[in-house]
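Letters A, B, ... are given to chains in the order of the sequence lines, protein chains preceding strands, and every chain is numbered from 1.
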Amino acid sequence: MPELAEVEYHRKQWDPFIGRSARVAQLNPRARIFREVDPDHLVANIEGRRLLKSLRHGKRIRFDFAGGSRLGIQLGMTGAMRMADLSEREALDRHDHLVLETEDRLFVFRDSRMFGLVRFSAKGEELTWWPEGSPDVGDERYSRDFMLSFLERRGGAILKNVLLDQEGFPGVGNWMADEICWRAEILPSVRCRELSDAQKESLYVSVRAVSDDALRVIGHDYSTPPPEWLFTHRWKDGGLCPLPRCHGEPLVRQKIAGRTACFCRACQTEAG
DNA sequence: AACCCTGTTATCGA
DNA sequence: TTCGATAACAGGGT
């Protein structure tokens, strides 16, 4: 389920862990999420070390432990972080692939489909999996120039596809991409090089606005977004555009660039 | 029972 | 090179 704001919410679920150390209570080394790490190495360098802080970049989470160990978590389609009471130790799910236990809590990473990923770097090992120095879309330092040069580089590609590219729009997923296009009043099927300057400006403003709104509402406590967002209507059969200007045009669902896109034919246009 | 999925990567061919 | 379509991953919801 997770993109930018959902990932932020999941990251915070382990906040009570900060300042404490844990032992690994459950880890299935054959689970696919460990395909890029050596589980023994990970365990040896995490157990007994205090968690110092957590960070997020786009859809990636990072936990920094005392002694220089860094644990990376990517939630994939179905990943979830949670805190649980010690009493739940006997009731763990078969998809709870990584469970850390402090003196009074369990901290669980669950992922049923296992499209998620665990990464790890001990002290001195290179952080190849963490993007440094390129702000994600939820960061106010995410700049116009960065977005514009990425759009230029991918000029021949379909906008929806480019919005989903984590290199250019770190954190954007399927619903955010649709929400961004809808707020910018641009059809998701346009080629990037067809966008006018005004549309590109509108796109940038929408990227930042959707990211900030999502972090504020969903990232804060997983609230349901208000009906003013496309979000609330996009999966409903017979969903109507909530913008007053088109008087409730039926929303269209269509596969674009391999993913289901949802848009309003009246509000969103091709050319600027 | 068939079909869907808020993600990512590899591969093929245009 | 760049892009899009497709499959694959593996499970659960409708």
Salt-bridge present (A:Asp178, A:Arg183; N to O < 4.0 Å): no
Span that lies between the P atom of B:dA1 and that of C:dA8, in whole angstrom: 22 Å
Nearest-nucleotide pick for A:Ile158, side chain only, options being C:dG4, B:dC5, C:dC9: C:dG4
Residue list, salt bridge (charged side-chain N to carboxylate O under 4.0 Å, His left out) with A:Arg82, at least two apart or on another chain: A:Asp96
Sugar-phosphate only, base, or nothing, as touched by A:Arg234 at under 4.0 Å among non-hydrogen atoms: nothing
Within the 6.0 Å centroid threshold, strictly below: A:His41 and A:Phe120: yes
d(CD, A:Glu167; P, C:dC3) in whole Å: 11 Å
Spacing between A:Lys160 atom NZ and C:dC3 atom C1', to the nearest angstrom: 17 Å
Spacing of A:His97 atom NE2 relative to C:dC9 atom C1', expressed in whole Å: 13 Å
Distance, rounded to the nearest Å, where A:Gln254 contributes CD and C:dG4 contributes P: 15 Å
Length of the CG-P vector between A:Asp237 and B:dC4, whole Å: 12 Å
Among C:dG11, C:dC3, B:dC5, the one nearest A:Lys255 by side-chain distance: B:dC5
Distances for protein N/O vs nucleotides 8-11 of chain B N/O pairs under 3.5 angstrom?
| unit_1 | atom_1 | unit_2 | atom_2 | d |
| --- | --- | --- | --- | --- |
| B:dT8 | OP2 | A:Lys59 | NZ | 2.8 |

Rounded distance in Å between the P positions of C:dT1 and B:dT8: 25 Å
Backbone N/O of A:Asn45 and side chain of A:Arg49: donor-acceptor pair under 3.5 Å: yes
Ion pair A:Arg208/A:Asp212, N-O distance below 4.0 Å: yes
Closest nucleotide among C:dC9, C:dC3, C:dG11 to the A:Arg154 side chain: C:dC3
Residue A:Gln26 excluded, over 12 heavy atoms near CD under 6.0 Å: yes
Under 4.0 angstrom between A:Asn174 side-chain N/O and B:dG7 OP1 or OP2: no
Spacing between A:Leu117 atom CG and B:dG7 atom C1', to the nearest angstrom: 11 Å
Between C:dG11 (C1') and A:Leu75 (CG): distance, integer Å: 16 Å
Between P of C:dG11 and CE of A:Met114, the distance in whole Å: 5 Å
Residue-phosphate contact under 4.0 Å: A:Arg32 side-chain N/O, B:dG7 OP1/OP2: no
Closest nucleotide among C:dC3, B:dG7, C:dG12 to the A:Glu3 side chain: B:dG7
SB check A:Asp104 A:Arg20 (cutoff 4.0 Å): yes
Residues A:Glu47, A:Arg23: salt bridge by 4.0 Å N-O rule: no
Hydrophobic cluster identity match, A:Phe65 and A:Leu106, side-chain contacts under 4.5 Å: no
Among C:dG4, B:dC5, C:dC9, the one nearest A:Arg191 by side-chain distance: C:dG4
All stems with DNA chain C, defined as three or more consecutive Watson-Crick or G-U pairs under 3.5 Å: B:2-5 with C:11-14, B:7-14 with C:2-9
Phosphate OP1/OP2 of B:dG7: any A:Thr78 side-chain N/O under 4.0 Å: no
Backbone N/O of A:Ser87 and side chain of A:Asp85: donor-acceptor pair under 3.5 Å: no
Closest to side chain of A:His95, choosing from B:dC5, C:dC9, C:dG12: C:dG12
